[in-house]
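The figures here come from the full heavy-atom set of this structure, side chains too, leaving out hydrogens, waters and symmetry mates. Since the structure is predicted, the reported quantities are computational estimates derived from the model, not experimental observations. Proteins come first, then strands; the chains are lettered A, B, ... in the order of their sequence lines, and each starts at number 1.
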Amino acid sequence: MEPEFLKRKMEIILREKIRDAVKALYNSHVADELIQLQETRKDFKGDFTLVVFPLLRFSKNTPEQTGETIGNYLVGNYNVIAGYNVIKGFLNLEIADSWWLEYFGKTAILKNQLGNCKVASPQTILVEYSSPNTNKPLHLGHIRNNLLGFSLYRILSICGHNVIKTNIVNDRGIHICKSMLAWQKFGNGETPETTGIKGDHLVGKYYVLFEKEYKTQIEDLVRCGIDENEARNSAPMMKEAREMLLKWEAGDTEVVELWKRMNSWVYAGFDETYKKLGVDFDKIYYESQTYKHGKKIVQEALEKNVLYSNEDSSIWADLTADGLDQKLLLRSDGTAVYMTQDLGTAVDRYNEYRFHKNIYVVGNEQNYHFHVLKALLKKMGYPWHDGLYHFSYGMVELPEGKMKSREGSVVDADDLIVEMIETAREVSLELGKLSDFTPEEKEEIFRKIGLGALKYFILKVDPKKNMTFNPVESIDFNGNTGPFIQYTYARIKSVFRKAEETGLNEKPGLLADVKAGEKEIVLIKLIRKFPERVSEAAEGYSPALVANYCYELAREYNQFYHDYSILGENDESVRNLRLALSRVTGEILNTGMWMLGIEMPERM
RNA sequence: GGUUCCGUAGCUCAGUUGGAUAGAGCAGCAGCCUUCUAAGCUGCGGGUCGAGCGUUCGAGUCGCUCCGGAAUCACCA
């Protein structure tokens, strides 16, 4: 049997009481939006604050006097309100400690703390993320993409949605031909096996080699007096790459075989990186397949006169009515562009999953592209176009600006992961707390901490904003970081190991009539916010809200841990409350970090 | 040039539908381990929230105009 306050939030009850108060005191009905209730700021005494300015129209009195009158009424008519104070136009209401304790007592026994974050009507949601090109390894930008996509999947799932993780691999086009060509010319038959180089890095090496050779050819041509643009076009490397692309599209056996072979190297490499990052997919799409369907869709739309054809037989959409521009969908030679395949992919996905939402985790540099994609689907008469959502995240920049592949200023994903684990190892060994662990156990802890630091660093930032990564300063392990939260968790685990040894275990049902301290009430209030924060994160597509909540909770817990003794407390009911608070905090931190894809060590 | 986004402490970032005296961390300085993990805790200094005007009882938050930065506007992806 759940008590009233578990089914109905305190805020809702308070609003009702305030409405009653205004009715009784001023004989007026208050519209809901005029009752402005918020949490009381830390520097003031109280739990909830009523902003009284909007109510002056009823009281026809000063803000102070109105606050006093309403506060007095509430204390007299609702025993959960233990007191109030009025500062300027703000009425601060104090909820009785007994209420918080009763609340905590009832919720602490629940299997998980997520209660009301479940949505009323679950949806089928596709989350597309990662979306790599097959000509070079993943870098820091992809890491942000992968972590955001995967975390979004977990947050939406935990709220009850049916979420499908998808990936679209850009496996065709001129870029992969460049790597192939360079490998043919300079590769001497090198493979990941013969060189020991990870497949994606090996292919990336030839992409760089192509660009290098191509550049010298352009320079040579320019020196011979040829215009730079002309040189770009006529450089032999580029000509050969284009020829190779034509051969690929024509199904030339030798080219297709090489393409398959080199892509397979890349996929093996990607799989390794994905595995290290802890992300995976339910369904992978390949552009080399979806672009064909895209072409068909474009042809059909042309026949229905939704699109138009130019004299050179290229096919276009006129989106000026939507405030956009003319958009090319098929080149004059009949080949597909990027948008063509995205149309095909979207339709394929809808046919396969009948999704409510199709979320694209793609950088904000492609905002225009997704506007156009949505407008096109609408124009072509797909009613589900409304379900498309571009989760537009900001770029990861270096202190000196944007990462540039061609200038070699990219932060490689594999390198960064290794570095993070190395740093975790150094820090851990210096602190020397793991001496009784086996080498394997230690490695596992270093891995969790290193990756925890990296993931938290990325995910704590509002996804919409660009962020800066400084490779020199690297990523911290103190303060608002993943390891800080992991450490808090490990501390809690340590308390329970000790409790086990000494027999001072938590006893269910001992939470009534405890005399609680200030920090304990603060913790209870913060714990109570967890499901709400998760809902906000799901609705706002923001893992950062979960990350920052976890930090807030860990910080609060550490203060509590520092100020109060848990197992050293002699009063059994107080000790039991502290154990329950520790356990629930640990559970929430574990679940919260799980939503970010961060693993928690039992010890560190 | 058109469109979109962003400017908060030296640095990296928080800041709910507009609410009180704008918060953390890092870096700097000063303290706290015979007691459950010091990857922690406490304190100090640090701000014209890019600038100005407007709406409002009230603006970091909303509107307009500037200044600065980014992205995009390809028969590239």
Side-chain angles (χ1 to χ4, degrees), chain A residues 33 36 38-44 49 51 53-54 56 63 87-90 92 131 133 170 172-175 287 310 312 314-316 323-325 328-339 341-342 363-369 371 392 394-395 397 399 401-402 424 427-428 430-431 433 449 453 457 460-462 464-470 473 475-488 490-499 501-502 504 532-533 536 540 544-545 547-548 551-552 554-555 558-559 561-569 578-579 582 603-604:
Chain A
E33 60 269 22
Q36 292 187 23
Q38 53 200 244
E39 279 166 44
T40 303
R41 291 177 51 125
K42 271 201 170 146
D43 358 314
F44 300 97
T49 295
V51 184
F53 292 107
L56 302 184
I87 295 165
K88 296 197 213 166
F90 300 90
N92 299 320
S131 316
N133 289 356
N170 181 10
R172 67 170 202 108
I174 192 79
H175 60 275
E287 280 193 28
N310 240 345
D312 62 2
S314 55
I315 299 175
W316 297 74
L324 301 165
D325 217 331
L328 176 89
L329 294 176
L330 281 180
R331 296 191 186 98
S332 48
D333 63 2
T335 56
V337 292
Y338 179 46
M339 185 61 79
Q341 69 83 17
D342 252 357
N364 61 15
E365 57 195 352
Q366 293 191 33
N367 285 352
Y368 183 76
H369 174 79
H371 271 128
S392 166
M395 300 288 100
E397 287 166 359
K402 212 186 162 186
V427 173
S428 294
E430 195 170 328
L431 291 169
K433 297 180 188 175
I449 296 171
F457 177 84
K460 75 171 176 179
V461 180
D462 183 344
K464 291 195 289 288
K465 293 188 177 175
N466 288 0
M467 62 180 294
T468 310
F469 172 77
N470 189 333
E473 293 175 5
I475 293 172
D476 229 297
F477 285 68
N478 297 314
N480 186 359
T481 66
F484 172 88
I485 298 166
Q486 290 172 319
Y487 175 72
T488 309
R491 264 185 155 179
I492 292 171
K493 285 291 163 184
S494 173
V495 171
F496 281 95
R497 276 193 301 272
K498 183 92 176 191
E501 284 169 25
T502 54
L504 298 173
E532 192 184 333
R533 286 294 188 86
E536 282 170 17
L545 293 178
N548 286 308
Y551 172 64
E552 211 181 327
R555 197 160 48 103
N558 277 317
Q559 286 174 24
Y561 180 93
H562 181 266
D563 292 354
Y564 299 151
S565 179
I566 299 166
L567 299 173
E569 172 59 46
R578 291 178 185 168
L579 277 167
S582 299
R603 290 179 56 173
M604 63 186 276

Comparing A:T481 with A:W316, nearest RNA chain B nucleotide closer to 5' gives the residue A:T481
Starting from C1' on B:C36, measure out to CZ on A:R497 and report it in whole angstrom.
-> 11 Å
A:M604 atom CE is separated from B:U37 atom P, nearest whole Å, by 13 Å
Separation of A:N558 atom CG from B:A38 atom P, in whole Å?
-> 9 Å
Donor/acceptor link under 3.5 angstrom from A:N92 side chain onto base of B:A20 = yes
Regarding the side chain of A:Y487, the nearest nucleotide among B:A20, B:A39, B:U72 is B:A39
May I ask you to verify whether the side chain of A:T49 and the base of B:A20 hold a donor-acceptor pair under 3.5 Å?
-> yes
Interatomic distance where NE2 belongs to A:H371 and P belongs to B:C73 [whole Å] | 14 Å
Would you mind reading off the distance between A:Q366 atom CD and B:U3 atom P, rounded to a whole angstrom?
-> 22 Å
If you look at every strand shown and take non-hydrogen atoms under 4.0 Å, does A:L56 touch a base, only sugar-phosphate, or nothing?
-> nothing
Nearest-Å distance, CD (A:Q38) to C1' (B:U17)?
-> 11 Å
For A:V337, answer base if it contacts any base atom (sugar-phosphate contacts may also be present), sugar-phosphate if it contacts only those atoms, and nothing otherwise; contact means non-hydrogen atoms under 4.0 Å.
-> sugar-phosphate
When rounded to the nearest 0.5 angstrom, what is the spacing between CD in A:E39 and CG in A:N92?
-> 12.5 Å
Under 3.5 Å, side chain of A:S428 to main-chain N/O of A:A424, donor-acceptor pair present?
-> yes
When you look at A:N558 and A:R491, which way does the side-chain hydrogen bond (donor to acceptor under 3.5 Å, both in side chains) test go after all the steps?
-> CA-CA 9 Å; A:N558 277 317; A:R491 264 185 155 179; 2.7 Å; yes
A:F44 on top of B:A20's base, within under 5.5 Å and under 30°?
-> yes
Would you call A:D333 and A:R331 a salt bridge, taking side-chain N to carboxylate O under 4.0 Å as the test?
-> no
Evaluate whether the aromatic ring of A:F90 and the six-membered ring of the B:A20 base sit under 5.5 Å apart, centre to centre, with an inclination under 30°.
-> yes
Check nucleotides 61-63 of chain B for protein N or O atoms closer than 3.5 Å to its own N or O atoms and list the pairs.
none

So the stems of RNA chain B, runs of at least three Watson-Crick or G-U pairs (under 3.5 Å), are B:1-7 with B:67-73, B:10-13 with B:23-26, B:28-32 with B:40-44, B:50-54 with B:62-66
May I ask you to say what A:N133 touches in the nucleic acid, namely base, sugar-phosphate or nothing, with a heavy-atom cut-off under 4.0 Å?
-> sugar-phosphate
Starting at the 5' end of nucleotides 11-16 of chain B, put B wherever the base has a protein heavy atom under 4.0 Å, S where only the sugar-phosphate does, and a dash everywhere else.
-> -SSS-B
Atom OH of A:Y564 to atom C1' of B:U37: distance rounded to whole Å?
-> 21 Å
What integer distance in Å separates A:H562:NE2 from B:C36:P?
-> 13 Å
Output for pair (A:F469 CZ, A:M467 CE), nearest 0.5 Å, gives 8.5 Å
Hey, which of these two, A:T40 or A:E397, hits RNA chain B nearer its 5' end, going by closest nucleotide?
-> A:T40
Which part of the nucleic acid, if any, lies within reach of A:Y561 when heavy atoms closer than 4.0 Å are counted: base, sugar-phosphate only, or nothing?
-> base
Is the base of B:C26 syn or anti, where syn means the angle lies within 90° of 0?
-> anti
State whether the aromatic ring of A:F53 stacks on the base of B:G19, taking stacking to mean ring centres under 5.5 Å apart and ring planes under 30° to each other.
-> yes
